[in-house]
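Accompanying notes for the structure given below.
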Amino acid sequence: RAGTLDAGTREGQIYGIPIAAGPTHLIYYNADLFGSIGYDQFPSSWPDLMDVGEKLAEKGINLFSYGDKSKGYAMSSWISALTDRINGPEWTESILNGDGAKFTDKGFIQGIGIMSELAKAGYLNKDLNSVDTDTMVNYYFEGRSAAFVSGIWSAMNVVNNAPDGIKASTRVAVFPGVENGLGNPLSSSGGAGVYYSVNSGVEAGEKLDAIMTMLEYMTGSDSAKLMAEVGGFPAYDPGDFDSGKLHPVALAAYEASAAADATKIFDLWFDASIVEVLNTGIQGVMAGSRTPEQLAEETQQAYETFLNQP
């Protein structure tokens, strides 16, 4: 699939082959709850989504459950996708290449601001920084929220663990596009995070042949079909497979992931020093102790320090 080899490639040379890909941004939502307030499908604009939040709040229900206790969730499932919606993938590439883009650019601040607005409006659970993603999903199962944002891995959690009523009413979507945004409104942050390589010291012969046979099986079409049929998302596009083996929620997650343009997951690509500032700072923003502008400034400082390293 497009983009799945990127993190295993340096200067045009492929050093690793992935087995699975990991779309990190999908929205699992309760279609019955949305329908009860007049929305037959997930909103296609942010004003409509905020309207959903307001109407659900009147019922005592959070729009999204959110859990960033262990840090990293916000970056993987929210910030990476939102920033791309607004700035487009060229901004991310410019950051990675040191070509002039900044974290203080308006689009990055706007993306963080959207998250801040949801928290300030009371459309997320108040304990958003003190619960983990397992608790976040359980809030959805309990009907305390109408949706949650997570990766494709959560599809099978819904299938296997959600109460029957919640499972039956769960649908899958992605964030709406942003007005005047430069990114694809149907994109999803994602990519492969685990790659398999062969030691260059292995000499040609029986051992290397066995290794290559194993890798070909693990990363090829046969393995990809098997993975897709149990709810996984293989890095290799399996083409047609027996989708009848999948629960509708798992199939919807797979189809949404396959249809989306994969954009870079920030915590996979940015230097660890930048990731740490973002992971810590976003908690302050969501708690109301920091502004999006302050987080952008702090992140830009970390970025410039990184760029200036010898």
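Summarising the local packing, CG of Asp242 is surrounded by more than 12 heavy atoms from other residues, nucleotides or ligands at distances under 6.0 Å. Enclosure of atom NZ in Lys102 is not indicated, since only 12 or fewer non-hydrogen atoms of other residues, nucleotides or ligands lie within 6.0 angstrom. By the neighbour-count criterion of 12 heavy atoms within 6.0 Å, atom CG of Asp209 is densely surrounded, having more than that number from other residues, nucleotides or ligands. Dense packing is recorded around OH of Tyr123, with more than 12 heavy atoms of other residues, nucleotides or ligands lying under 6.0 Å away. Heavy-atom contacts from other residues, nucleotides or ligands closer than 6.0 Å to CD of Glu293 number more than 12.
Residues Leu26 and Ala256 approach most closely at CD2-CB, 3.9 Å, considering heavy atoms. Closest approach of Gln110 and Ile86 over heavy atoms only: OE1-CG2, 3.5 Å. Here the closest non-hydrogen pair linking Val149 and Met136 is O-CE, 3.7 Å. Residues Gly190 and Ala262 come closest through the heavy atom pair O-CB, 4.3 Å. The minimum heavy-atom distance between Val159 and Lys167, with the atom names listed, is O-NZ, 2.8 Å. Minimum interatomic distance between Asp84 and Asn184 (heavy atoms only, all atoms of both residues): OD2-N, 4.3 Å.
Criterion: ILVMFWY side-chain heavy atoms under 4.5 Å apart, direct or through other members. Under it, Trp46 and Phe34 are part of a common hydrophobic cluster. Under the 4.5 Å side-chain heavy-atom criterion for ILVMFWY residues, no single connected hydrophobic cluster contains both Ile14 and Met214. Leu278 and Val275 fall within the same hydrophobic cluster, where Ile, Leu, Val, Met, Phe, Trp and Tyr residues are linked whenever their side-chain heavy atoms come under 4.5 Å apart, directly or through other members. A single hydrophobic cluster is not seen to contain both Leu182 and Leu96; linkage of ILVMFWY side chains at heavy-atom distances under 4.5 Å, directly or through other members, places them apart. Hydrophobic clustering, with ILVMFWY side chains joined whenever heavy atoms are under 4.5 angstrom apart, groups Met75 together with Ile265.
For Glu304 and Gln300, the side-chain atoms include at least one donor-acceptor pair closer than 3.5 Å. A donor-acceptor contact closer than 3.5 angstrom links the side chains of Ser189 and Thr24. Between Thr280 and Glu276, the side chains place a donor N or O and an acceptor N or O closer than 3.5 Å (distance only, hydrogens not considered). Defined by atom type and a distance below 3.5 Å, a donor-acceptor pair is missing between the side-chain atoms of Thr135 and Asn138.
Ser188 contributes no side-chain N or O that, together with a main-chain N or O of Ala260, makes up a donor-acceptor pair within less than 3.5 Å. Remark: the backbone N or O of Leu63 is not paired with any side-chain donor or acceptor of Ser145 at under 3.5 angstrom. In this structure a side-chain-to-backbone donor-acceptor pair under 3.5 Å is present from His25 to Phe175. No donor-acceptor distance shorter than 3.5 angstrom exists from the side chain of Ser154 to the backbone of Asn157, with no hydrogens or angles considered. Without hydrogens or angle criteria, Asn30 side chain to Thr170 main chain gives no donor-acceptor distance under 3.5 Å. Ser94 places no side-chain N or O within 3.5 Å of a backbone atom of Glu90 that could act as its donor or acceptor partner. Here the side chain of Tyr28 pairs no donor or acceptor atom with the backbone of Val158 at under 3.5 angstrom. Using modelled atom types, one side-chain atom of Lys225 and one backbone atom of Pro238 make a donor-acceptor pair closer than 3.5 Å. Within the 3.5 Å criterion, the main-chain N or O of Phe108 finds no donor-acceptor partner in the side chain of Asp105. No side-chain donor-acceptor contact under 3.5 Å links Ser187 to the backbone of Ala81.
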*Test side-chain contact (heavy atoms from CB on, under 4.5 Å) applied to Ile61 and Arg144, step by step*: CA-CA 5 Å; Ile61 300 170; Arg144 295 169 62 173; over 6 Å; no
*Quick one: do Thr213 and Tyr217 satisfy side-chain contact (heavy atoms from CB on, under 4.5 Å)? Show the steps, please.*
CA-CA 6 Å; Thr213 297; Tyr217 173 76; 5.9 Å; no
*Tell me, with the steps shown, if Phe270 and Phe103 meet ring-ring contact (aromatic ring centres under 6.0 Å, His included).*
CA-CA 12 Å; Phe270 292 169; Phe103 285 95; 5.6 Å; yes
*side-chain contact (heavy atoms from CB on, under 4.5 Å) assessment of Ile95 paired with Tyr303*: CA-CA 9 Å; Ile95 287 286; Tyr303 175 58; 3.9 Å; yes
_Residue pair Asp267, Ser76: steps toward the side-chain hydrogen bond (donor to acceptor under 3.5 Å, both in side chains) verdict_ = CA-CA 7 Å; Asp267 44 330; Ser76 288; 2.7 Å; yes
*Could you give me the CA-CA distance, side-chain angles and deciding distance for Gln283 and Asn129, then say whether side-chain contact (heavy atoms from CB on, under 4.5 Å) is met?*
CA-CA 6 Å; Gln283 289 191 330; Asn129 284 333; 3.6 Å; yes
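Looking only at side-chain heavy atoms (C-beta outward), Tyr196 and Thr219 stay at 4.5 Å or farther from each other. Contact of the Phe42 side chain with the Val172 side chain is not registered, since no non-hydrogen atoms from C-beta on lie closer than 4.5 Å. Counting heavy atoms from C-beta outward, Val131 and Asn125 have side chains that approach closer than 4.5 Å. The shortest side-chain heavy-atom distance between Val194 and Ile19 does not fall under the 4.5 Å cut-off. Taking 4.5 Å as the limit, some side-chain heavy atom of Leu295 sits within range of a side-chain heavy atom of Ile282. Residues Thr133 and Ser150 are not in side-chain contact: their nearest non-hydrogen atoms beyond the backbone lie 4.5 Å or more apart. With a 4.5 Å cut-off on side-chain heavy atoms, Phe64 and Leu49 count as touching. The shortest side-chain heavy-atom distance between Glu216 and Ile211 does not fall under the 4.5 Å cut-off.
Screening Glu58, Lys55, Glu54 for a side-chain contact (heavy atoms from CB on, under 4.5 Å) involving Ile37 leaves a single residue, Lys55.
Salt bridge status for Lys264 with Glu93: present, with a side-chain N to carboxylate O gap under 4.0 Å.
Distance check, rounded to the nearest 0.5 Å: CG of Leu124 to CE of Met115 gives 8.5 Å. Note: Asp127 CG to Ser130 OG = 4.5 Å, rounded to the nearest 0.5 Å. Interatomic distance, Leu208 CG to Leu215 CG, rounded to the nearest 0.5 Å: 9.5 Å. Once rounded to the nearest 0.5 Å, the distance linking CG of Asp271 with CG of Leu307 reads 9.5 Å. Remark: Asp134 CG to Asn161 CG distance equals 9.5 Å, nearest 0.5 Å. Separating the CG atom in Asn97 from the OG1 atom in Thr92 is a distance of 10.5 Å, to the nearest 0.5 Å.
Centroid-to-centroid, the aromatic rings of Tyr140 and Tyr66 stay 6.0 Å apart or farther. Tyr254 and Phe233 have their aromatic ring centers within a separation under 6.0 angstrom.
The aromatic rings of Trp91 and Phe266 are tilted relative to each other, their planes meeting at an angle between 30° and 60°. Trp78 and Tyr73 have perpendicular rings, their planes meeting at more than 60° on a 0 to 90° scale where under 30° would count as parallel.
Remark: Arg171 fails to qualify as a cation-pi partner of Tyr29 under the 6.0 Å distance and 45° angle criteria applied to the six-membered ring.
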